Amino acid sequence: MSINPLTNGQPLRELLSGDARQLAPLLLGAVLTHESRDGAVSVRLTEVEAYLGPEDSLHPDPGSHTYRGPTPRNAPMFGPAGHLYVYFTYGMHHCTNIVCGPEGTASALLLRAGEIVAGTDVARRRRTTSKSPADLARGPARLAKALGLTTADSGRDALAPPFGLVLPPRPVPSVSSGPRVGVSGAGGSDQYSWRFWITGDPTVSQYKAAKPRAARPPAAGPRMGGPAA
DNA sequence: TTCACGATTGCCT
DNA sequence: GGCAATCGTGAAC
């Protein structure tokens, strides 16, 4: 078995215990696999974002879920590297992170987009609204959906069955970076250019800024745990 | 206990 | 290009 030049023979989990911002470009081109009852899907990662924990006093990350410290939801981010942190957002979407850094720190890489390289039919069943193959995992919520991941998978080990993570045999030829998207406030500014993607890849997500929520809903009755069906 | 909002997506015009 | 959908989370009271 040949030594991967990216890891220099280093075990993958040990590699993932490093700095998320340095790991991000290395994970581009890596293939994440999830095998479940309805089939296995493999995604080649084309876009990721780094998030740091509160323990990094030099770079406090206001865009991170762990900015205010550990909670039951973000607990996996403080766990060992190589595990998944999956969270639920906007009342309907799941987003997937791979935990990085040494245990006790809370850095992670958000998987923003990828290309389905195996199990396309399974991914298509899960992503019935996708029109083209490139759309199947273009966007963090789409990627989670294509892989069949939910919060039930948060905290599970991405390096052990039914998951699997394989780095590319060689670095991707060209990596771009820029400010993270969808992160409000300072965490989304140029100061945090921790979004990395494969230059020119068609599956890199095209983010549409969320519409700023109206300061106050129209006076159409009390808010009873969400909009009436 | 209440309330505002989010690391987004897909439908509609 | 604009906007509604939808609910878990955590801060505020």
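In the text below, chain A, chain B and the rest are named by the order of the sequence lines, each starting its count at 1. Because the structure is predicted, anything quoted here is derived from the model rather than measured. Values below: every heavy atom of this structure, side chains too, minus hydrogens, waters and symmetry copies.
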**Asked** Within less than 4.0 Å of OP1 or OP2 of B:dG10, is there a side-chain N or O belonging to A:T129?
**Response** yes

**Message:** Check the phosphate of B:dT9 against A:R127, side-chain N and O only, distance under 4.0 Å to OP1 or OP2. Yes or no?
**Reply:** no

**Message:** Could you identify the nucleotide paired to C:dC7, looking across every strand shown and requiring Watson-Crick or G-U wobble geometry with both distances under 3.5 Å?
**Reply:** B:dG6

**Prompt:** Taking OP1 and OP2 of B:dA7, is either one under 4.0 Å from a side-chain nitrogen or oxygen of A:H65?
**Reply:** yes

**Request:** Report the nucleotide, chosen from B:dA7, B:dG6, C:dA11, that has the shortest atom-to-atom distance to any side-chain atom of A:Y51.
**Result:** B:dA7

**Asked** Among C:dG8, B:dA7, C:dT9, which nucleotide sits nearest the side chain of A:F88?
**Response** C:dG8

**Check against ring-ring contact (aromatic ring centres under 6.0 Å, His included), A:Y87 and A:H94** = CA-CA 6 Å; A:Y87 65 89; A:H94 295 277; 8.8 Å; no

**Request:** Would you kindly give the CG-to-P distance between A:N74 and C:dG10, to the nearest whole Å?
**Result:** 6 Å

**Asked** For B:dT1, what is the paired nucleotide under Watson-Crick or G-U wobble rules, both distances under 3.5 Å?
**Response** C:dA12

**Message:** Is the phosphate of B:dT9 approached by A:R138 (side-chain N or O, under 4.0 Å from OP1 or OP2)?
**Reply:** no

**Request:** Look at the side chain of A:M92 and decide which nucleotide, out of C:dT6, C:dT9, B:dA7, has an atom nearest to it.
**Result:** C:dT6

**Message:** Looking at the base of C:dA5, is there any donor atom on it, or on the side chain of A:Y90, that sits under 3.5 Å from an acceptor on the other one?
**Reply:** no

**Asked** Where the side chain of A:A141 is concerned, which of B:dT9, B:dG6, B:dA7 is the nearest nucleotide?
**Response** B:dT9

**Prompt:** So if you build clusters from Ile, Leu, Val, Met, Phe, Trp, Tyr with side-chain heavy-atom gaps below 4.5 Å, do A:L111 and A:L167 land together?
**Reply:** yes

**Request:** Determine whether the side chains of A:R127 and A:T129 contain a donor N or O and an acceptor N or O closer than 3.5 Å.
**Result:** yes

**Prompt:** C:dG10 phosphate, OP1 or OP2: any side-chain N/O from A:R68 under 4.0 angstrom?
**Reply:** no

**Prompt:** Taking the same atom, C1', in C:dT6 and in B:dC3, what whole-Å distance lies between them?
**Reply:** 15 Å

